[in-house]
Q: 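Provided herewith is a single structure, encoded as structure tokens, for subsequent inquiry.
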Amino acid sequence: MSPEDQLKILKENAEDLIEEKELLEKLKAGRPLRVKLGVDPSRPDLHLGHAVVLRKLRQFQDLGHIVVLIIGDFTARIGDPSGRSKTRPMLSAEETKRNAISYQEQAFKILDKGKTELRFNSEWLDPLKFEDVIRLTSKYTVARMLERDDFEKRYKAGEPISIVELLYPIAQAYDSVSVRADVEMGGTDQKFNLLVGRKYQEEFGQSPQVVLTMPIIEGTDGTLKMSKSYENYIGLTDPPDEVYGKIMSIPDALMFKYARLLTNLDVEGAKKDIESSKLHPMEFKKSLAFEIVNWLYSQEDAKKAQDKFITTFSKKEIPDDIPEITAINGIKLTQFLKDIKAADSTSEAKRLITQNGVKINQDTIEDVMMTTNFKDGDILKVGKRKIYRIILGS
RNA sequence: GGAGAGAUGCCCGAGUGGCCAAUGGGGACGGACUGUAAAUCCGUUGGCGGAUCGCCUUCGAUGGUUCAAAUCCAUCUCUCUCCA
């Protein structure tokens, strides 16, 4: 494909492309580009937010380029000492390794394994001597570091910034130097770090990497960015039903963004049809949910998830495919709900009952003190989403 | 090195001796309604107990004062600001 056509595909949906001209130049050289993505193995659970970037990387691969996936094992080992931040716990070598493997497995749901070069940054960061580190830091100033958005904000707000944090962008930049990255990708929140990489590559006599960032998507709550720590994420390994349901629970306003960044659906067409009432917003969201499950799993799984969703929530019926659970009669229902993890505590079970959230075969339970008295095959419903079929045990 | 501010429930943030299991917001959960686990509205949100009552644990940590402490005192840990 011609460099111009490639460029067109690659810049689609991108937030920043610095510099477009440079990317075109690199494409024109005709060799496979080395496209870098650095990942933090302390958080091995990938979600749709990561998928946005991974999809773009996949496009690079499909155009014949190489993805260099860097596992930040060195960085993870150091951790983040800035007290409150739980985002970067210190990890042992084994944990890091385990996480790295899990990370790869998830990433290869999207990436082409054959065109991925996997590296660990301890490879080049471990051998550095303190002298080398100081040399590296001497090429950057505090003022320039503080240009980074979140540093600036935290500094002004009087929140702590650990010196280690100032070093991370430099470490990441040195990664770029070490793997001779042509392009580095990330979310827009990574823009600053990626730019530091350019500066360092120049210092080391390399041509600066092209920085390509993708939009950050908001999580299921609709406002905060998708992140594990906000519990608003849709994980790549979430089961199909869950993925489908979570997509259905995103605010309508967000569904076009998801569709644009995560599927090949015709977003503009759908928008028009919804405005002219030819297409129901819910129908579009359903096809979005379907597409995403289809992509992460299979068409069959997507179909199943969709059917289950419709019976459970649209028709409010009991789907066929529900988990079975063994029950014993004669114990307190609250205790039972806790045992089967339908509630975290007895108090919560009690609350659910009080709030009319527990049903057995369509009958709402009102007695908090009730003792279990199931019949084989009874349907137990707890809240909106938890449905079980009772199997009587002895 | 000096001066000052602060640490509260999942998160943010009130509370400066009893009425505090602790206002409010966010999140989460439940219900109603619906077009969906959208939106909106209402409610719940430490744990345990045969329970509209009682018990236990919680306000950075450890001791202390008091009939009574998140609130007062001491020591400690951590964070921030200003000055040097």
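This one's a predicted model, so the numbers in the text were calculated from it and none came from an experiment.
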Q: Can a salt bridge be assigned to the pair A:D363 and A:K359 using a cut-off of 4.0 Å between side-chain N and carboxylate O?
A: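 No salt bridge links A:D363 with A:K359.
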Q: So do the side chains of A:R198 and A:E22 get within less than 4.5 Å of each other, counting heavy atoms only?
A: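 Answer yes - side chains close enough.
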Q: If you find the nucleotide of RNA chain B closest to A:K286 and the one closest to A:N232, which residue's nucleotide is nearer the 5' end?
A: A:N232
Q: Which protein N or O atoms sit under 3.5 Å from an N or O of nucleotides 37-39 of chain B?
A:
{"from": "B:A37", "atom 1": "O2'", "to": "A:S249", "atom 2": "N", "distance (Å)": "3.0"}
{"from": "B:A37", "atom 1": "N1", "to": "A:R385", "atom 2": "NH1", "distance (Å)": "3.1"}
{"from": "B:A38", "atom 1": "O4'", "to": "A:K285", "atom 2": "NZ", "distance (Å)": "3.3"}
{"from": "B:A38", "atom 1": "O2'", "to": "A:D252", "atom 2": "N", "distance (Å)": "3.3"}

Q: Using the P atom as the reference point in each nucleotide, state the distance between B:G17 and B:A70 in Å, no decimals.
A: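 It comes out at 13 Å once rounded to the nearest Å.
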Q: State whether A:E20 and A:K11 are salt-bridged, where the test is any N-O pair (Lys NZ or Arg NE/NH1/NH2 against Asp/Glu carboxylate O) under 4.0 Å.
A: yes
Q: Could you measure between the two C1' atoms, the one in B:A14 and the one in B:A84, and give it in whole Å?
A: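 Looking at atom C1' only, B:A14 and B:A84 are 36 Å apart.
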Q: Shared ILVMFWY cluster between A:I250 and A:V267, side chains joined below 4.5 angstrom?
A: yes
Q: Measuring only the P atom in each nucleotide, how far is B:C42 from B:G25? A whole number of Å is fine.
A: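 Taking atom P in both B:C42 and B:G25, they lie 11 Å apart.
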Q: If I pick the P atom on B:A7 and the same atom on B:G43, what distance separates them, to the nearest angstrom?
A: 31 Å
Q: What distance do A:L37 atom CG and A:E184 atom CD have between them, rounded to the nearest 0.5 Å?
A: 7.5 Å
Q: Expressed in whole Å, how much space separates the P atoms belonging to B:G4 and B:C73?
A: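 Nearest-Å result for B:G4 against B:C73 at atom P: 14 Å.
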Q: Taking atom C1' in both B:A21 and B:U45, compute the distance separating them and give it to the nearest angstrom.
A: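 Per the computed distance, 12 Å lies between those C1' atoms.
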Q: How does protein reach along nucleotides 45-54 of chain B, written 5' to 3' as B (base within reach of a heavy atom under 4.0 Å), S (only sugar-phosphate), or - (no contact)?
A: S-SBBSB---
Q: Say whether A:L265 and A:I110 are linked into one hydrophobic cluster, either directly or through other cluster members, by side-chain heavy-atom distances under 4.5 angstrom.
A: yes
Q: Same hydrophobic cluster for A:L224 and A:Y258, using side-chain heavy-atom links shorter than 4.5 Å among ILVMFWY?
A: no
Q: May I ask you to decide if A:Q172's main-chain N or O and A:N121's side chain share a donor-acceptor pair within less than 3.5 Å?
A: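 A pair under 3.5 Å: no.
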Q: Would a line drawn from the ring center of A:F284 to the ring center of A:F256 be shorter than 6.0 Å?
A: yes
Q: Examine distances only and state if a side-chain atom of A:N294 and a backbone atom of A:Q299 form a donor-acceptor pair shorter than 3.5 Å.
A: yes
Q: Hunt down any stem RNA chain B takes part in, defined as 3 or more consecutive Watson-Crick or G-U pairs whose two distances are each under 3.5 Å.
A: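 Stems found: B:1-7 with B:77-83, B:10-12 with B:24-26, B:27-32 with B:40-45, B:46-49 with B:53-56, B:60-64 with B:72-76.
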Q: Take atom OH of A:Y233 and atom P of B:A28, then tell me their distance rounded to the nearest Å.
A: 13 Å
Q: Ignoring hydrogens and geometry beyond distance, is the side chain of A:Q355 in donor-acceptor contact with the base of B:G43 at under 3.5 Å?
A: yes
Q: Rounded to whole angstrom units, what separation is found between the NZ atom of A:K386 and the C1' atom of B:G30?
A: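 About 11 Å, once rounded to whole Å.
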Q: Expected output is a numbered-order residue list: members of residues 273-282 of chain A with a heavy atom under 4.0 Å from any atom of RNA chain B. What is it?
A: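 Under 4.0 Å from RNA chain B: A:H280, A:P281, A:M282.
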Q: What residues, two or more places apart in sequence or in another chain, satisfy ring pair (Phe, Tyr, Trp, His ring centres under 6.0 Å) together with A:F313?
A: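 Per chain and number, A:F313 pairs via ring pair (Phe, Tyr, Trp, His ring centres under 6.0 Å) with A:F309.
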Q: Tell me, please, which residues at least two apart from A:F192 pass ring pair (Phe, Tyr, Trp, His ring centres under 6.0 Å).
A: none
Q: Within 45° of the ring axis of A:Y297 and under 6.0 Å from its six-membered ring centre, is that where the NZ or CZ of A:K304 lies?
A: no
Q: Between A:G357 and A:L224, which is nearer to the 5' end of RNA chain B once each is assigned its nearest nucleotide?
A: A:L224
Q: Please report the distance separating the C1' of B:G26 from the corresponding atom of B:G9, rounded so that it comes out in whole Å.
A: 14 Å
Q: Roughly how many Å apart are B:U71 and B:U62, using the P atom of each and rounding to a whole number?
A: 13 Å
Q: Kindly state whether the ring of A:F108 and the ring of A:Y103 have centres lying under 6.0 angstrom apart.
A: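 No.
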